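Keep in mind it's a predicted model, so treat the numbers as computed, not measured. A note on names: the letters A, B, ... follow the listed sequences, proteins ahead of strands, and every chain is numbered from 1.
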Amino acid sequence: MSQSSLNDIFRSYTNKVGLFKDKNALSSDFTPDNIPHREKQIEELAHVIAPVLRNEKPSNIFIYGKTGTGKSLCIRKVTSSLEEAAKESGRKVKIIYINCKMKKISDTEYRMLTNIISFFGENVPFTGLPTNTLYQKLTKHIENYGGSVIFVFDEIDALLGKVGNEILYTITRINQDINSSGSKITIIGISNKVGFIDQLDPRIRSSLSEEEMVFPPYNAQEIKDILEARVSMAFNENTVEYGAIRKCAALAAQENGDARKALDLLRVAAELCEREGKTTVNESYINKAQAKIDKDRVVEVVKSQPKHSKIVLLSMIKLYGKSQKAMQTGDVYMLYEKLTNQYGLKALTQRRVSDLISELDMLGVINASIVSKGRYGRTRKINLQLNPDLIKIMTRTLAYEFPESFLNV
DNA sequence: CTTCCACAGGAAGGTCTGGCGG
DNA sequence: CCGCCAGACCTTCCTGTGGAAG
């Protein structure tokens, strides 16, 4: 690229009035003053936790709703105004908001506890101590606090199994143990899996769902309202065509009424548009944005996979390249073994590879389902229903790490 | 109806890393 | 320095299973 064209790029940025007025308004952690179509839920939530202001213990709440239905947003809104109200009336209220899905931060029992304790101002070593010690520390902190402590566990379904049961059970038990100290604990659980509550330990289940709330998916009309409100905040006037908004809403409504998705689409579309130097976002950019989001996600995931997982994926791409049709675990494993040998690596067991395959499935890189072929066994049918473009990109991503000869087997 | 394939996927345990406190 | 701990990542061993073929 010549120097002058580089100058052009920068000049065009400074001279032109951009599309965006405040891009922040499209980000997923932006809390607008007004949350459309959630007035009822917000009111109900407020009623449930209001007793805090009278030093009474509110019911625990369990909130269910699909991704992008405004659960976290409403909770954030309600808890922050509760904090304000508490400050005015001199009540002690502490909100402990934990997103359980945060990798490396709150996805294990130990890390979760570290995270919670940090809300009380103590920094615990991120490894090394026995969990027991952490539980003791936490109990002490809550006892000493002498006010209302509200735990918000967002995406609580991410800690299914032992981790979740252990933590939730202990926290509910702390509540009973410290009755005398004046501290009160309330738990708000947020999940996007319907069946989550049934998979919990019965002792926790009843206590967690004293109060239940459902956030229904937004329909296309509602998403359109949301988008319009945000568009006027985020963009300069007359930069987004109505058709683009409609398209966005339609796409997002298809995907379980996910408003976050709609906002992402719009943001990416506008970024693409801006990059091309155009001044109005129209429908075609929404389509491009959709494709870009999908592509970026897959590429990102593939890049961050560990080596063996990449080789497994490579095996699948090669098999797919040959036959263009679905394959099964055994086929993939055979090729995988061959490849690892060539690379001078020790192959993992089939048991492990089976897990890697199902991980790739969950990450949406491949599409696998269990099928029974009667006499010919029961296995995973693996499909790479990716477009050729994506397969090319994946191969290139993988080729970056493996020698050329390796790729042409 | 039974058989039997080709795995799925649970359980338990091993090994390694990074880090604690004494 | 030691012994201990949590967690990531694997292996070993295992039981379970949908449905075409016989």
Side-chain angles (χ1 to χ4, degrees), chain A residues 98-118 122-141 157-171 193 195 198-201 301-316 319-320 323 325-341 343-363 365-384 401:
Chain A
I98 309 269
N99 186 329
C100 308
K101 228 180 199 162
M102 297 274 275
K103 283 240 162 80
K104 304 280 178 188
I105 295 182
S106 50
D107 54 350
T108 69
E109 193 180 8
Y110 188 94
R111 290 206 261 261
M112 172 73 86
L113 286 165
T114 316
N115 200 351
I116 294 174
I117 290 171
S118 75
E122 181 178 353
N123 281 320
V124 198
F126 67 88
T127 167
L129 299 182
T131 20
N132 228 331
T133 317
L134 295 200
Y135 276 121
Q136 284 162 19
K137 280 176 185 291
L138 177 59
T139 313
K140 199 162 286 165
H141 277 301
D157 40 318
L159 10 124
L160 260 180
K162 191 176 169 275
V163 187
N165 278 332
E166 209 75 14
I167 292 178
L168 295 173
Y169 180 62
T170 314
I171 290 178
K193 287 210 189 89
D198 304 317
Q199 293 180 44
L200 276 176
D201 193 305
V301 170
V302 171
K303 272 191 194 154
S304 64
Q305 286 308 299
K307 201 178 338 170
H308 282 281
S309 189
K310 280 178 178 158
I311 301 177
V312 170
L313 186 57
L314 187 61
S315 314
M316 294 192 283
L319 284 174
Y320 181 78
S323 67
K325 50 182 201 246
M327 58 205 97
Q328 62 188 51
T329 307
D331 308 336
V332 176
Y333 188 70
M334 261 164 40
L335 184 53
Y336 160 82
E337 262 188 315
K338 217 169 100 187
L339 290 178
T340 43
N341 284 336
Y343 199 45
L345 284 170
K346 195 165 168 289
L348 300 176
T349 54
Q350 181 162 339
R351 177 71 186 82
R352 180 65 188 140
V353 169
S354 164
D355 279 348
L356 291 180
I357 292 174
S358 79
E359 266 167 48
L360 287 170
D361 180 33
M362 282 198 295
L363 289 165
V365 179
I366 59 169
N367 204 303
S369 55
I370 297 154
V371 291
S372 175
K373 298 188 297 159
R375 161 117 313 195
Y376 304 106
R378 204 161 162 274
T379 181
R380 262 201 199 84
K381 203 173 99 198
I382 302 158
N383 245 309
L384 286 175
E401 266 180 75

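Nucleotides of DNA chain B with any atom under 4.0 Å from a heavy atom of chain A span, from 5' to 3', B:dT3 to B:dG21.
Protein atom CZ of A:Arg378 is 8 Å distant from nucleotide atom C1' of C:dG16, rounded to whole Å. Protein atom CD of A:Gln136 is 14 Å distant from nucleotide atom P of C:dC5, rounded to whole Å.
Applying the salt bridge (charged side-chain N to carboxylate O under 4.0 Å, His left out) rule to A:Asp355 yields the partners A:Arg351; only residues at least two apart in sequence or on another chain are considered. Under the rule for a salt bridge (charged side-chain N to carboxylate O under 4.0 Å, His left out), the partners of A:Arg111 that lie at least two apart in sequence or sit in another chain are A:Asp107. Not counting sequence neighbours, A:Lys373 has no partner by the salt bridge (charged side-chain N to carboxylate O under 4.0 Å, His left out) test. Residues satisfying the side-chain hydrogen bond (donor to acceptor under 3.5 Å, both in side chains) criterion with A:Ser309, sequence neighbours excluded, are A:Gln305. Taking the ring-ring contact (aromatic ring centres under 6.0 Å, His included) definition, one finds that A:Tyr110 meets it with nothing, sequence neighbours left out. Take A:Arg375 and apply the salt bridge (charged side-chain N to carboxylate O under 4.0 Å, His left out) test, not counting sequence neighbours, and it matches no residue. In terms of the side-chain contact (heavy atoms from CB on, under 4.5 Å) criterion, residue partners of A:Ser372 (sequence neighbours excluded) are, by chain and number, A:Arg378.
Residues of residues 367-375 of chain A having a heavy atom closer than 4.0 Å to DNA chain C, listed by number: A:Ser372, A:Gly374, A:Arg375.
A donor-acceptor contact shorter than 3.5 Å links the side chain of A:Thr139 to the backbone of A:Tyr135.
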Look for any protein N or O under 3.5 Å of an N or O in nucleotides 6-10 of chain C and output each such pair with its distance, or none.
residue: C:dA6; atom: OP1; partner: A:Thr131; partner atom: N; Å: 3.4
residue: C:dA6; atom: OP1; partner: A:Thr131; partner atom: OG1; Å: 2.8
residue: C:dG7; atom: OP1; partner: A:Thr108; partner atom: OG1; Å: 2.5
residue: C:dG7; atom: OP1; partner: A:Tyr110; partner atom: N; Å: 2.8
residue: C:dA8; atom: OP1; partner: A:Arg111; partner atom: NH2; Å: 2.5
residue: C:dC10; atom: OP2; partner: A:Arg352; partner atom: NE; Å: 3.0
residue: C:dC10; atom: OP2; partner: A:Arg352; partner atom: NH2; Å: 2.8

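Take the nearest nucleotide of DNA chain B for A:Tyr376 and for A:Arg380: the residue whose nucleotide is more 5' is A:Tyr376.
Here salt bridge (Lys or Arg N to Asp or Glu O under 4.0 Å) pairs that include residues 327-337 of chain A, with residues two or more places apart or in two chains, number zero. The salt bridge (Lys or Arg N to Asp or Glu O under 4.0 Å) analysis of residues 303-314 of chain A, with sequence neighbours excluded, yields the pairs A:Lys310-A:Glu401.
At the heavy-atom level, A:Arg351 lies under 4.0 Å from base atoms of the strands shown.
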